[in-house]
Structures are given as C-alpha cells and as structure tokens.
Amino acid sequence: MSAEPTSPAPTDGSFVAAALSNRSFVAGLFITGLIAAMALVSFVWTPYDVTQLVVADRMKTPSAQHWFGTDHFGRDILAMIMVGARNSIAVAVVAVGIGMGIGVPLGCWAAARGGFVDEALMRFNDLVFAFPALLSAVLITAIFGPGAINAIIAIGIFNIPVFARVARAGALSVWPREYILAARAAGKGKVLITIEHILPNIASILLVQGTIQFALGILAEAGLSYLGLGTQPPMPSWGRMLFDAQTRMMVAPHLALFPGFAIIVTVLGLNLLGDGLRDVLDPRLRRER
Amino acid sequence: MTAWKSILAATALALASSTAALAARTDVVIGIVLEPPHLDPTAGAAAAIKEVGYANVFEGLTRINSDGSVSPALAQSWTISDDGKVYTFKLQDGVKFHDGTDFNAEDVKFSLDRARAEDSVNPQKQLFAAIDTVEATDATTVTVTLKNPQGAFLYNMGWGEAVIVAPESADGNKETPIGTGPFKFDNWAKGSSITIVKNPDYWGEAVALEKAEFRIIPDAAAAIPALLSGDVHAFSNMPAGDALPQIEADSRFKVVLGSTEGETVLSTNNKKAPFDKLEVRQAIAHALNREEIIAGTPPGLGTPIGSHFAPHHPAYVDLTGTYPYDPAKAKELLAAAGFPDGFSATIKLPPPAYAREGGQIIAAQLRQVGINLEIIPVEWADWLGQVFTEKDYDLSIVSHVEPMDIGIYARPDYYFQYENADFDAIIAELDVTADETKRYDLYKQAQEMLAKDAVNGFLFQLPKVGVWDAKLEGMWENWPLAVSDLTKVHWTE
Amino acid sequence: MIPFLARRLLTGLATLLLASVVVFAVLEILPGDPALLMLGMNASPEALATLREQLGLNDPVMVRYVSWILGLLTGDFGRSFTYSSPVIDLIAERAVVSLPLAVISLLLSTAIAIPVGIFAAARRGKAADTLSMGAAQVGVAVPNFWFALILVYIFAVWLQLVPAGGFPGWKAGLWPGLKALILPSVALALPQAAILARVTRSAMLEVLGEDYIRTARAKGMPRRHVLWRHALRNAMIPVLTILGLQFAFLLAGTIIIENVFYLPGLGRLVFQAITQRDLIVVEGVVMLLVASVIFVNIVVDICYALVDPRLRSNA
C-alpha cells in the first residue's frame, strides 16, 4: 500500500522517454501527425482547387492525375479529403473541448460537495443527457439551420453530461481512499484535493473517454453531414462525401472508400494516441507491466 | 429446433411461392420515394397521396391517361352547351363505393361542392373556381354550370384532387380511403408500406393484379439494393442516380425513360435588387450552361428548356437559344447593369437532389461571371415558409410539377414576383378560349414572353426514370400526372 | 434501498417535467408552418386559415402546453398533423421495430464485448490482447452507416442472403421480421461492441491495479478467482455507465441506420416529423425517449447501488 499518491505526470525527460518507447503512442502520434499535417498543408496547397467543378471529368477512377479519382462533380478526391480533414478535426476538437471544459469541473464539483449540489447538478445533467444526442442535434440544426458551427454546438452540448458523469463516477470511487481521508484530516480543502489527487487519479479514465468522445465527435460530424445537417457545400466534408457516394456505390465505389478510410484512419490514430498517453501517464498501470 | 423448423418452413414457403409465380403472378411491389402523409387526395398537396390512390382507389368524372389525353371515368359521357358553360354528365350505372354504399349524382354534387366550399382544404381549389352551380338532375345525371367557359374544364376534372368521394366516408379518407376504383385500400404500415387489393365488385374492366404493395423507399441509396435484390418490382420514377447504366445493363429490368410535367427552374426573385434588372437576369441566363447542369444532375437525362413549358406538349416552342451560354456576354451585361465586378447573393436549395446538386453546379457557373452565391440548404417547410410565402430569397431551384402550369406567372404575388400586364392578358384569354389552335398560339406567345424577360433561369424538364421487372407490363411510360396507375399492370408469365 | 428508490423516482419525474417544458419551448421556436406544408404551393389563404384553426395552432402557447401535458397524463399523446392518426398509435407501430432493434444490438454488443474485454485484460500484453484490441480500435473508428452500406452490398446485393432493407412487419412472421433486423443490428452493434470492449478492458486493468487486488494476489488467491470475484465486480461501474449510455443511444440514435435500411422505426418517425413540422409527433416521441432514458438511468443507478453499497449513501 503506497502511503503517498504518486504524481501523475513524470518529469519531462522520463515522460518523453516513456512515451517514445510506447508503440501505441508512437503509431498514434505518427498517424495523427500525418492527418494534421495534411490538414495544414491544405491551407496553402492542394493538388486541385476543390471549388472548381469539372463536370466532364466526373467520377473518374484513381489515376496518375487524380490519385484518389474524382467525385460526381469532377473534383479531385484527394484534395477534398485534405480540406475535409481540417473541417473534421476542428469540429471534433471544439466539441470535445466544450464537453471536457464544462463537464469535468461539474462532475468533480458534484463528487466533492455531495448533497444538494451533487443532486442538483446530476439532475441537470440527467436533463441534458436524457435528450437523445443525435436527435437533439437534428432539432438544433432544424432551428438554427444546418452548418458546421451549429453541428459543433450540438455535438459539444451532449459531450458535457458524458464527461460530468464519468468524472463524477471516477471521483466518487477515489474519495473514500485512505490517503484522501488522510489529506482531509490534514486540513486540505476539497478544491485542492480535487486538483492534486482526484484529477490525476481520474485522468486516465477521462483520457479514454476523451478519445472515445473525440472519435465519436468525428463520427458524429460525419453522421450529421451525412444527413445533410453538418458542414455545407462547397466546403468539403468527409461525411458529406459519404452521403454523395452512397447512391453511387455500385458505379464508383472509390467515392465511398476514400472518405470512409480517412475517417477510420483518423479515429484509429487518435485512439492509439490516447491509449499510448494513458499508458504513459498512468503510473499504476505502468508498474503492473 | 424451432429455428430449424422456421427455416424449413420459410424454404417450403419460398418454393411454394416460386411455383405459384410460374403459374401467374398477381402481386406486385412498387417502390415510392415519399410516404403520403395521409391518403385523402382532396385534403393534401403531397404528390405521394395521388401516386398511390389515383385511378387505383379513387376515380373522378374524367381521368387523364398516360399520354396526357382525357377519357371518361365515372362520367360515361357528357354534353357541353353551345356557350361552353353548361356541362351535362351522364354517370356510370351500378357503381358502388368500397364500403358498399351506392354511387350516384348526389355524391358528385357533394364532392364538387365540398372541394369549392369556403372551408375547403382542397390543395387545388382553383380547379373548381369556374364552377357556378352543381345540380344532381337525376340519379345518373349531373349538370355543372360554369361562371364562364373554361377550355380545360374536362382536363381539370381528371386531376387527382377532383376525385369523387362519398359523404358517408369522406371524413375517414385520410386513414381509410373509400373510393370507387378497381382496388380497395387494405393496410398501411406507417413508414413502411401501403397495400391495396383487388376490388371484386368493380364496375368496369377487372384488373389483373390481386394485390399491390407500395413500399416506401426514401432515397437512391436504398432504392438500388431494393431493386437489385428483388424486394421491389417497379418504380414509376426511380431515384436511380448514377447507378442507372448499371440497371439498364441488367436484363432482369426494363428501363423506360419518359417525360414529366416538371419544369426545373432557377427561381428568381424578380422584385429584389439586383434581380429586378433585366440585364442581370439576362446575364444569369447567358452564364448558365444547361448541358453541364444536366450532365451533373444524375441521371443526367433532363431535356433542356428555354421557357416554362413541357417539351412533349404540342404547343411547345424551343426557346433554349434565346440567351445561349456565353460567359463573356454575361459579364458585359453585368457591367452594363452596373456590376462590372459582379455581386454576391444567396441561393436557397430544397432537399431534392436536382436542387442540391444542380445548385452547386450553378453556383460554380455563376462564379465564373463574378456572381458569388452562398448556398443555403433548406427543408421543404422552410422553403415554403421563407421562399414561397415570404419571398425572402434571391435565387432557388425548384421543379414545378403541376401539369400546364404556365399560368402561375400571372398570379398576383406569386413568389417569382413577376409582373407583366401583357402576360396576364394572355393567360386571362387562355382561360376563356376553348379553340385548340387559338390556345396553342396563346401558349406560344406566353412562352416567348417569359423567355425574353428571363423571368427565371429555365433549366430542364425533369425526366421520368421508369424502372421495372422485365416481365411486368402496363406501367405508365410518361407522367402527365405523377401517379402509379396499376389498372393495366400485369405479369407476362 | 426504498427511500433511495423513492427519491430517485421523484427526481426522475421532475426531470421529465422539466424536459417537457424544454421540448415544448424548443418546438415553439422551430420555424415553418405545418399547415402550409400539408397543403402545399397552391393552397389558398382561406384553406390555410381553416386548417390552422382545425389543428388548434391558433390557441395561445400556454393553453396548448397545458392541454398537451394533461393529455400526456391521461395517456393521450394527441393526433398527428400529417398522418391524422393518434400519435400513440404511430409510436406503437414504430416501437415494435426500434425496441427489438435496440435490444438485439445491445445483447449482441454485450455478448461480444464483455468477454473480449475481460479476456484481453487478463492476457494483458499477450498476442490475444493485442489482436482483439487492435480489432476493437478499428471497430471504434468505423462509422456505422459506412459499415452498414458495406454490409448491404455484400450480404443483400451480392450474396442476396438477407433483405437490403425495409421491414415486413411482425405479422409476416417472427423469422422474416428478425431477418430484416439482422444487418441493421450488426451494423449498430459492432462499433458499440468495440467501444464496450475497450472500456471493459481498461476498467478491468484499472481495478487489477488497485491495492486490494494486488494484496489479494499477494496473499496467494488464484488469478482466476481474483479476476472474476473481485475485479469484475468493481470494474462493472464504468461498464454500466457506458452500457446505460449505449442503450439510450441505441433507442434514438438509430436515425441514420434506420435511413440506410429504410426501417420504419422511431428514429425515422421523428426525423420525418421534424422536417414535416409535425410538432405533436416530435413532442410525443421525444418525451417518450426522454422518459426511457431517465428510466434506464434509474436502473443503472440501482445497479450501482447493488454493485457498490458505498455509493448508496451518496446517490
């Protein structure tokens, strides 16, 4: 039994070394880096202009000119995937940011205070959470009009109760531990304890949840765009591309394959990165190895 | 154990039904894209209501055929007074509604009076606007007196909204439609399918089918596998998109391309600056490359139009050359109108693929001449509210599917906001002209006027992509009305 | 346990009431006129006014809210504007598709995920772990509608083993009904299973790293015994959280999958109702879904309390 909790983030040197020796982390970092780089490059260069429609060249199969082929308007699919990447990433990052930024403090607060605050907060959470997320996103976009910003808000709002719940459940299981009791006995405040002991202890489960929500964020954006409620043309979006591809699966499967793969690879990369991070950051799990 | 049993049972059943099919198949599954909100054609505008019920369940005094001609239905014959105002209909004898009640002249009077009543919710109330009185002379004779002669009256009485219903059952038609047709309503599994079955007591020629199911298949993505896997036998108008060549190449299916009444136009707000300037509208017309728009709007089979008129109609004039594709000319005109650097505007696109995909091509084409369009997708509810009612729009794309609807340009306050007294005069004259040659001449004048004024961007006539099992016969090839008339449909083996 | 339950039910009801206000308010600001949509482009103003009056759209907001709530309390969900049939009938017709779909998917995903997660945790770092978690990683990343498309083209179009979509209705028999639900539930379940397997594994590892487990192991308790008796029990909390989330998701989040397979379920009903501004249907379905989510949450909370008595005083 360890008397003192270990600090979560090892000092710089050992963190980098530990991270680089973690295969998941390295693979995830590589894939995510690649996608991010692709998104960044698209700001300054794409193989073709994605706003340029060349109807005569519609639905060409992959070739030397168009590595991933062209879509139903004759646009270069590689270029669209590059531009679509920044859209997907932006939507998911902001949506998870909203969820974590609001949800985790709420959950921790509820766990620390207990009683009425806990009750009120969790019931409020229940209220948001009780509304089916995708359905509410559809409603939100029906009211405010379809578009990337409204999609972000819709996805973000429904991340809040998810993080709040997970943070609270995690925190509740940490609070009764002996060293926390000891810290309380020593007169430490709840906020301080939360920051020093609770958060580090629930960080790993939040990270796992974070990667799941990030994945879900990208998937949700794809889903909303697929329903025509997310990012609007002429801005390319992976979900939108899948929607356009769906009716053309039999004649031009490459239209569905490449955006589908782009989503899978991105989400896969993010999840590997998250897994790696968790292994590196969570000392108890590392000790077990 | 039970699982095995049910598999065996299913196999046996499948065998049984396939042998039955060899004998003579009498059931059919028709795919429809939109689910009707209810089944009363006299109380809702949704085309899907008529697609299911027209000629199958409900009948009118007259009916419209697949070639657009009018023929007798519940009225077996009629006479018209010399001044063209009094129509005397002789009704079919011994007709019964599906609930067993008798059909007679009183039902006709009831239906027409109900449709034109003050509190009527009939979506095509203007069809009955010319009627002054309806009298049931005797059980099988109805006399209709018009306020003024109307050339299209018999045609109007053949529309799906002018069907004859019974006072006993009219209120329940939304849920359980009761008509006089060769098919009876059987079942409606909401969201899934509507089934109709043969009416054994039908007054006219018996139909070949015992049972027909209309299965709701919302989009191309679902329609293609449904057809290929044999779940659905026919689509009157299939949302096949780019997969059409694939289906055409498959010998199991027949693909029949036909015409519809759908003029697809780039609706333009004629009163909103800068679209109130003729030069701007002409510039847009010159900037539109119809061939490219058609090629990029699957299945790429639209017929180019230069005015608001169906190309298959005898009075059609080809006006596609009025303002030919010429971006340089478009830029000149824009400069002349005071926009040398172009301008920005919005285009509101309703859900159908022709609008959403065609709109992107049009936006790209107009960008070439300096007009930057912001694309705003809208649902039908918003389209009807914002664009159609409040006229809060610059441009939009819609297919106007009502037959012979060039008269909408003369309507006061219609959403195009087109005002031209000369045009209104032509339409007013058309309304009281019965002579065919004169009518055609007036139609021609009307078309030319709209084309010259570049009221809207006239794009293409929507094609009807009929796809059905190669062994199925009797489906409509053209669509003067958007219906699935099954009265002549049968299997060939 | 009884006071705990009573309080939980009470707060559930309060949430439901609050939700009804939110739902009603949100739909009040939804633009679009249902009457116009029903009558279409050629409708005359008089016909529109008549229809609005018939639908009760002209009454003041509060009157409509109160009559709606009172109706709900007596089990009357109102009448659909567009279908002109009772909302409750529509819901019942759709629920017999959505509910089995959600349950089958959940069972399928749980049956795959929990054993895989435990197994992977027990074999941490071994090939079996790497392999199953690798598969789970990919599974999490696959959009379910994309997966559904692939399934349709392989099993319905190419192999013609199952229908491409649609639902024959339970009247057609148990097997045809189930057959129509196979592909949709697989498409729904697999990504869910991948998530659940990952959570199960990481929760197990979390618990296995706990001091008391290590103590138990140190005391010489057999590994299997520790795994099943102690670790699993404690690992159930996060797993239950996720399961609760997933069931809620499955009930309403099937909109996209129902569209791919054109299944007449609740998701599509409400999606259509939103686009057609059939407000009374949207309100009814959303309330029902909200109620079922609240119910599932209460069940999850009870499970928490059963699994971990310490949480009982806190809940």
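Proteins get letters first, then strands, A, B, ... in listed order; numbering begins at 1 in each.
- Neither the backbone nor the side chain of Glu53(C) comes within contact range of chain B; no heavy atom of the residue lies under 4.5 Å from a heavy atom of that chain.
- The neighbour count for Tyr65(C) OH, taken as heavy atoms of other residues, nucleotides or ligands under 6.0 Å away, is above 12.
- In this structure, chain C has heavy atoms under 4.5 Å from both the backbone and the side chain of Ile216(B).
- Heavy-atom distances place the backbone of Ala43(B), and not its side chain, under 4.5 Å from chain C.
- Between chain C and the options Leu228(B), Asp405(B), Ile217(B), heavy-atom pairs under 4.5 Å are most frequent for Ile217(B).
- Ranked by heavy-atom pairs under 4.5 Å with chain C, the first of Pro37(B), Gly385(B), Ser193(B) is Pro37(B).
- With no hydrogens or angles considered, a side-chain donor-acceptor pair links Ser85(C) and Lys190(B) at under 3.5 Å.
- A donor-acceptor pair under 3.5 Å is formed between the side chain of Ser192(B) and the backbone N or O of Phe167(C).
- Between Arg277(C) and Asp382(B) there is a side-chain heavy-atom pair separated by less than 4.5 Å.
- For Pro351(B), no part sits under 4.5 Å from any heavy atom of chain C, backbone or side chain.
- Counting all heavy atoms, side chain and backbone alike, Asp119(B) lies closest to Thr50(C) at O-CG2, 3.6 Å.
- Heavy-atom distances place the side chain of Leu90(C), and not its backbone, under 4.5 Å from chain B.
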